[in-house]
2 protein chains.
Amino acid sequence: MLAAERHSKILEQLRAEQSVTVSELSQALDVSEVTIRKDLIKLENDGLLTRIHGGATITDFLPVERSFTEKLAERSEEKLAIAHQALSHIQPGDTIMIGAGTTTMELAKLLRGMNDLTVVTNAVNIAMELNSQGKHHVILIGGEMRHKSFALVGSVAAENLRNLSVFKCFIGADGIHPEHGLTTLNLAEAQINQVMMERARKVYVLVDYSKFGETYLAKFAGVSDVDRIITDAAARPFVERYVELGINLELASPQGVSR
Amino acid sequence: MLAAERHSKILEQLRAEQSVTVSELSQALDVSEVTIRKDLIKLENDGLLTRIHGGATITDFLPVERSFTEKLAERSEEKLAIAHQALSHIQPGDTIMIGAGTTTMELAKLLRGMNDLTVVTNAVNIAMELNSQGKHHVILIGGEMRHKSFALVGSVAAENLRNLSVFKCFIGADGIHPEHGLTTLNLAEAQINQVMMERARKVYVLVDYSKFGETYLAKFAGVSDVDRIITDAAARPFVERYVELGINLELASPQGVSR
DNA sequence: GAAATAAAACGAAAGTATACAAAATAAAAC
DNA sequence: GTTTTATTTTGTATACTTTCGTTTTATTTC
């Protein structure tokens, strides 16, 4: 086998799996690990991958803020379960909106397993993730960028959204309360959430159990203004109250998914 | 067997397999490896294949756009020098526009050493970089996202830009030619570049030496339509021609910077 | 500190370039 | 229509370079 052939196979696997290990490649291509390492060095110099201890990953030059990554790690199992549940509402070919947030970011990652979506979002990190998946049409609205959340906000963002209409919209919230409704820490983001809700036929809100009973600065909707609230199993204690109010609550459990 | 016959068989196999090896061909065509190598040298000179150690592969003669990271690794020293030179035109507090591209991405990275800028861009990766620096006000225009370049393009992008005005604008180009002007591989990006130029008082174009004499699909400006062209020292041979035309060329050298 | 991974050094093997000789073919001369 | 002369093509031989794997020595990671 030619060296160039090996290189393209390595890149192929990398695209499919996101990461490769030296030992794995050494076995699969039937050459020594030293050779694989030399290949990886060459490919890294060409900017085609990033070497890490034990193998390589796709080049990810996104300077992702630590605070955000830390946040992402919090209750990631619950968020993943919620994202999985939300995913079940999305079909290939759909046109959807996704708001900024850590739970919605989890949902975006899961869209790797979906094809041919048109996704409108105001979250720059979500747009980057979807772009890297390479199979969706990504529309990012314009606006001023918020440092912490990667969200685009402001009048330009709102104006851009008003020219778009979708069927389904998935947004997150920092707090959910039977009386105070859905709230976020930031006013500008709340405004964008509001516009997103206007532009979608069906609105899904993704919140983990820790958000229940919390209220923050900016309210963007009442609990009954949305079509469905998707949360995790740990939110079960709060369910009753919402069912009384006639709210559609969907509980996702890490193992499977229940209603 | 005639030599020409051998050549066509080699090309045939190449089209079928993407790559061929010298030993394989030597056996199949029953001639020595030296002969095969001479054949391959001839075919390479004719631009019909690319020779590699052990054999040959097909040549991609189409100017296909490669991945962003791949481009980023190329001529990175020159790009850095150019970016440094461009940086000298930026003052703290400035409001600037930055177009999509690998050289402009280098410039964005250097803005870490600058304070309090307001930056308008159509490049999602540049917005992410600037956001991570945490000291600038970042405005991303909306639009459809291009996979390869992370650029936001389309009518929404253009419309967003038309509502903004800045003093300085920094854009890249894929090709620069005295007659054919500044060109890019992609039409949609050329359109955005055009609008950016309209919205800025002073336009700086960042191109490394390899872009000189090249022409691609979409022209977005003539060489004299921009205020300054910033390039690297290796472009010196081309300078004279541009000076004749009365074009402002600025050469950046890796060590320092000269005019 | 142990295990895994990486780097460096070295040598063997595979591949390449060049020179030169031997065919084969073409051109010229008689 | 030969024979001679040049030209081209191909193969052998040799020196050189690149590639790759083994071994040894460092460096990470847990």
Side-chain angles (χ1 to χ4, degrees), chain A residues 1-64 66 69-70 72-74 76-77, chain B residues 1-61 69-70 73-77:
Chain A
M1 181 187 289
L2 296 168
E5 236 172 299
R6 240 182 11 245
H7 294 164
S8 77
K9 292 206 175 183
I10 290 171
L11 292 173
E12 200 178 301
Q13 177 151 2
L14 199 58
R15 272 190 288 275
E17 316 253 320
Q18 302 281 97
S19 70
V20 290
T21 68
V22 171
S23 59
E24 181 184 299
L25 287 171
S26 162
Q27 282 191 286
L29 302 173
D30 199 29
V31 289
S32 77
E33 301 202 338
V34 176
T35 303
I36 294 295
R37 278 190 205 103
K38 284 173 183 169
D39 287 345
L40 295 183
I41 289 169
K42 192 206 171 302
L43 292 170
E44 184 176 44
N45 286 337
D46 291 351
L48 295 165
L49 51 77
T50 308
R51 245 145 55 84
I52 54 173
H53 197 83
T57 64
I58 51 170
T59 309
D60 193 21
F61 55 91
L62 304 184
V64 177
R66 197 178 304 112
T69 28
E70 277 166 13
L72 209 57
E74 275 175 33
S76 56
E77 278 151 53
Chain B
M1 182 187 288
L2 294 168
E5 218 174 316
R6 244 184 6 248
H7 293 167
S8 75
K9 290 206 174 184
I10 290 171
L11 291 173
E12 196 179 305
Q13 178 153 1
L14 200 58
R15 273 190 288 274
E17 315 253 322
Q18 303 280 98
S19 70
V20 290
T21 68
V22 171
S23 59
E24 183 183 296
L25 288 170
S26 162
Q27 282 190 286
L29 303 174
D30 198 30
V31 289
S32 78
E33 300 203 338
V34 175
T35 304
I36 295 294
R37 278 189 206 106
K38 283 173 183 169
D39 288 345
L40 296 182
I41 289 169
K42 191 204 171 302
L43 291 170
E44 184 176 43
N45 287 337
D46 292 351
L48 296 165
L49 51 77
T50 312
R51 244 145 58 81
I52 55 175
H53 196 87
T57 64
I58 51 170
T59 14
D60 280 332
F61 56 90
T69 46
E70 203 177 336
E74 267 176 6
R75 291 180 291 284
S76 51
E77 280 150 53

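Proteins get letters first, then strands, A, B, ... in listed order; numbering begins at 1 in each.
Proximity note for A/S32 (side chain, C-beta onward) versus D/dT10, D/dG11, D/dT22: the nearest is D/dT22.
Rounded to an integer number of Å, the gap from A/L40 CG to D/dC20 C1' is 15 Å. Spacing between atom CG of B/L2 and atom C1' of C/dA23 amounts to 16 Å, rounded to whole angstrom units. Rounded to an integer number of Å, the gap from B/K42 NZ to C/dA17 P is 17 Å. In this entry the distance linking CG of A/L25 with C1' of D/dC20 reads 16 Å, nearest Å.
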Margin query: Please determine whether salt bridge (charged side-chain N to carboxylate O under 4.0 Å, His left out) holds for the pair B/E5 and B/K9, giving the CA-CA distance in whole Å, both sets of side-chain angles, and the decisive distance to 0.1 Å.
Written below: CA-CA 6 Å; B/E5 218 174 316; B/K9 290 206 174 184; 5.0 Å; no
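More than 12 heavy atoms of other residues, nucleotides or ligands sit less than 6.0 Å from atom CD of B/E74. More than 12 heavy atoms of other residues, nucleotides or ligands shown are found within 6.0 angstrom of CG on B/N45. Shown here is B/D30, whose CG atom has no more than 12 heavy atoms of other residues, nucleotides or ligands within 6.0 Å.
Side-chain contact check for B/T35 and B/S32: at least one donor-acceptor pair (N or O, by modelled atom type) lies under 3.5 Å.
Of all non-hydrogen atoms in B/I52 and A/L2, the two that sit nearest each other are CD1-CD1, 3.8 Å. Looking at every heavy atom in both residues, B/I36 comes nearest to B/L25 through CD1-CB, 3.8 Å.
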Check: Just the dot-bracket of DNA chain C, please: which string comes out with Watson-Crick or G-U pairs under 3.5 Å, [ ] for crossing, | for another strand?
Finding: ||||||||||||||||||||||||||||||
Checklist line | Heavy-atom protein contacts under 4.0 Å, nucleotides 4-9 of chain C, coded B base, S sugar-phosphate only, - none | finding: -SBS--
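Residues satisfying the side-chain contact (heavy atoms from CB on, under 4.5 Å) criterion with B/S76, sequence neighbours excluded, are absent altogether.
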